[in-house]
Structure formats: structure tokens, C-alpha cells
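All of these numbers come straight from a predicted model, not from anything done at the bench. Note on naming: letters A, B, ... go to the chains in the order of the sequence lines (proteins, then strands), and numbering restarts at 1 for each one.
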There are 2 protein chains.
Amino acid sequence: MKYKEAKEELIQAWGNLGYSWGLNKTMAQIHALLMISTKPLSTEDIMEDLNISRGNANMNIRALLDWRIIYRISVPGDRKEYFKSEKDIWALARQVAKERRKRELEPILKVLKSVNEVQADGTDETKELKKVVKDLKNFAEKSDNLLEAFEKSEENWFWSTVVKMFK
Amino acid sequence: MKYKEAKEELIQAWGNLGYSWGLNKTMAQIHALLMISTKPLSTEDIMEDLNISRGNANMNIRALLDWRIIYRISVPGDRKEYFKSEKDIWALARQVAKERRKRELEPILKVLKSVNEVQADGTDETKELKKVVKDLKNFAEKSDNLLEAFEKSEENWFWSTVVKMFK
DNA sequence: ACGAACTTTCAATAAGTATTGAAAGTTTCA
DNA sequence: TGAAACTTTCAATACTTATTGAAAGTTCGT
């Protein structure tokens, strides 16, 4: 397989992976491009390489900055902004976990806590609802704690512990 | 909070949770409805409760069956099909993990393995690409193993191990 | 084999998301 | 301060995905 072909396949695959991690396709593709680039790229570079418009490039670059998985780089004597990605996949995974916990899990926990206060009127429906909410809340809280710990963990330690855990 | 209000909020919240788990909104809402229902529901019941069309209800019920997180129930003397959901959240989480591993992680692993065969032509670009692919493949394989083990694990054992792990 | 009861399909359409590109905004420096 | 170099915004539009509902298909009891 040639470099160009491999590069395109990887950007494509990363686009999909990113999507299932909660990014959107273009975001993930820009990230992939920065991952395999040997030097920081400008908005212009990204536009050309992925064949996307300036607006689109700009928007998605900002989203990636917002997720804190790419960084701004300034080159002395050049007014353009350049970008490079976090290249450590472990750091990337932790960061994504952190953002998703904040964006998805926490709002749901909030709702579960409020729904938990449904009036106990003695009907079966209410009982069932309370039970489901309790179970779900319990699960969500445990997941939240697990993710929080994951965000703070060390790669080598994490995997070796996991290996022991499932042996 | 009244039952009706709580029910609606829960279905809404579950819709969001399900979405971030890779289901779509309606699928997740049907599932939520079945979770809190005290008895199996027919397509008709679901249509009425969620205010959706027959086609939509049918499609999403089938998708849920396909994910194996709801089941068909037949009531003797009644020709309609009824559905009930898996109510154990742990079992649900494991099943979702299983489906997503199959649907998302495995295809990406396949691509990574093929991209890995890029020709080493000695350029920096190729070196960088090979490095990224190697790291990503390594991470994806480890995640795949972790998920596989998770799918087979027991709830109590899992959480108690996790607690120990991050203590 | 017929028709009632039920389920599935699918073309049309609605709703939601992503993308464009030109205009407006900002920064820098001569 | 002026204007070139660059970034951001946003209304218009293209693209994607979800939803509808009527028609076609299936199943079952008589």
C-alpha cells in the first residue's frame, strides 16, 4: 500500500472512530490529519488537504480546541496560526472521556436526581418508575466515578491493572 | 413531581443517554417506555404513548430486537405481538457494549491492520504514519480485549474490582 | 380458500446537521 | 492611520437521517 492511499484510509477510519467517540466526521478527520502530520498545519493547509471550505475548517478547528485535543502553535515571523494535535492516544482518550462525562453523563445524572423525587402514590406504575430510576441512577453514578478515575489514571498502570483484573 | 411528568422527563433523558450509547432517539425512547412499563406493550400502545407513526414504531422496535435489548412476547389468545425490555441495566450495558464492539471497533481494527502495511519508503511522513497506526492499533486492540472481558463479566465482581482498582 | 387481524415496506416528505463562501471583524506593522 | 493578512460569522444551501402513512405482505382461524 502506498503512502497516499494509507493516509486516506486512515483519515477515513479515524473519521468513523471519532464519530463513535462523539466527535463529528470533519472534526475527526482534521484531527487525524494533524495526528499524522510531521509539522503543525495552518487552516489553509487543512482546507486544501481535506478539500473543505474556510468556514468549515475554522468551525471544526475551534471545536477541537474546545475539546482540548489540538493546540494552537504560533510560528515566529508568521502571522498565520498553526495547529498540532495531541499525539498521545492515551491522553486523547482521557480527554475525550473527560469531555463526554461533562457533556453527556452529568446532565443525565441531574435529570435522574430530579426524577427520583416522584411522589410515591402507591400505584404499580410509580413503583416501577422509582425502581428503574434508582437502578439507572446507581449505574450512572458508578460509571461517572469510574470515568473520573480513568481520567486521572496512568496508562501503564491502567492496562496492567486491567490485565490482572480480567485474568 | 407527578408520575406523568417524571415519566416524560425520564423518557427524554433516556433518549439522550441512548443516543450517546449509539442508539437513536426514538429507539431509546421506546426502550425507556418499555423499561418503566409494568406489562409488555404492543406496537399500538407504543405508537399512542410516544405519538409516533406505525412505520416508525415498527422500524425502531425491530432495531431494538436486532440489538437484543427488547424481546417479543406473545400472549395466548391474542394475535398481537407484545414487547418487553431487558430491565437489568447491567445486562443492557453489556449488550450495548457487545453490539458496539461488533459494529464500530471491529471494522476499524480491520482498517488499521491493512493500513499498517504501508510501504516503508524512508520518508518522515511514512514513519509518522506508521507510528500513529501502530499506537492506534495497540490502543484499539487493548480496548477490544477490555470490552470483550466486560461483556462476559459479572456485575458485582466488576464493580468491586473497579473500586479496588481505583482506591 | 377467504377475510380479518396484524406486520412490514417504502416512496414521499419533514426535520436535523453539515458545509459553503462571501462579508464583517480583528490584528499587525509600516 | 491605512491596508494587508488573517480569522470569524452567518444566511443560504446541500446533504443526511428520521418519520409518515398508505399499500402490500403475512398469518391465522373458520
Once you round it to whole Å, what is the distance between P of D:dT19 and CG of B:L50? 11 Å
Mind calculating the distance between CD1 (B:I52) and P (C:dA14) to the nearest angstrom? 19 Å
For a quick test of reading the model: is some side-chain N or O of A:R62 closer than 4.0 Å to OP1 or OP2 of D:dT9? yes
Phosphate oxygens OP1/OP2 of C:dT20: is one of them under 4.0 Å from a side-chain N or O of A:N56? yes
With sugar-phosphate meaning primed atoms plus P, OP1 and OP2, does B:E81 contact a base, only sugar-phosphate, or nothing at under 4.0 Å between heavy atoms? sugar-phosphate
Using only side-chain N and O atoms of A:N58, determine if any of them is under 4.0 Å from OP1 or OP2 of D:dT7. no
Rounded to whole Å, CG of A:D78 lies from P of D:dC6 at a distance of 6 Å
B:Q12 vs B:E8, test: side-chain hydrogen bond (donor to acceptor under 3.5 Å, both in side chains). Steps then yes/no. CA-CA 6 Å; B:Q12 188 59 39; B:E8 268 158 30; over 6 Å; no
Spacing between B:E48 atom CD and D:dT20 atom P, to the nearest angstrom: 14 Å
Does any non-hydrogen side-chain atom of B:T43 lie less than 4.5 Å from one of B:E81? no
Residue whose closest nucleotide on DNA chain C lies nearer the 5' end, A:Y19 versus A:G55: A:Y19
Does C:dT19 have OP1 or OP2 sitting under 4.0 Å from an N or O in the side chain of A:T26? yes
Considering only D:dT8, D:dT27, D:dA5, which nucleotide approaches the side chain of A:R79 most closely? D:dA5
Closer than 3.5 angstrom, by distance alone: can the side chain of A:K84 be matched with the main-chain N or O of A:L41 as a donor-acceptor pair? no
Tell me whether the side-chain N or O atoms of A:R54 pair up with the base of D:dT7 as donor and acceptor below 3.5 Å, since no angle test is needed here. no
Are any non-hydrogen side-chain atoms of A:W67 and A:R100 less than 4.5 angstrom apart? yes
Calculate the interatomic distance between A:N16 atom CG and D:dT16 atom C1'; express it in whole Å. 15 Å
B:N60 CG to D:dT19 P, in whole Å, measures 6 Å
Tell me the interatomic distance from A:I46, atom CD1, to D:dT7, atom C1', rounded to whole angstroms. 13 Å
Residue pair A:E104 / B:N16, side-chain heavy-atom distance below 4.5 Å: no
Reading DNA chain D from 5' onward, which residue's closest nucleotide shows up sooner: A:M59 or A:K80? A:K80
Calculate the interatomic distance between B:N24 atom CG and D:dT16 atom P; express it in whole Å. 18 Å
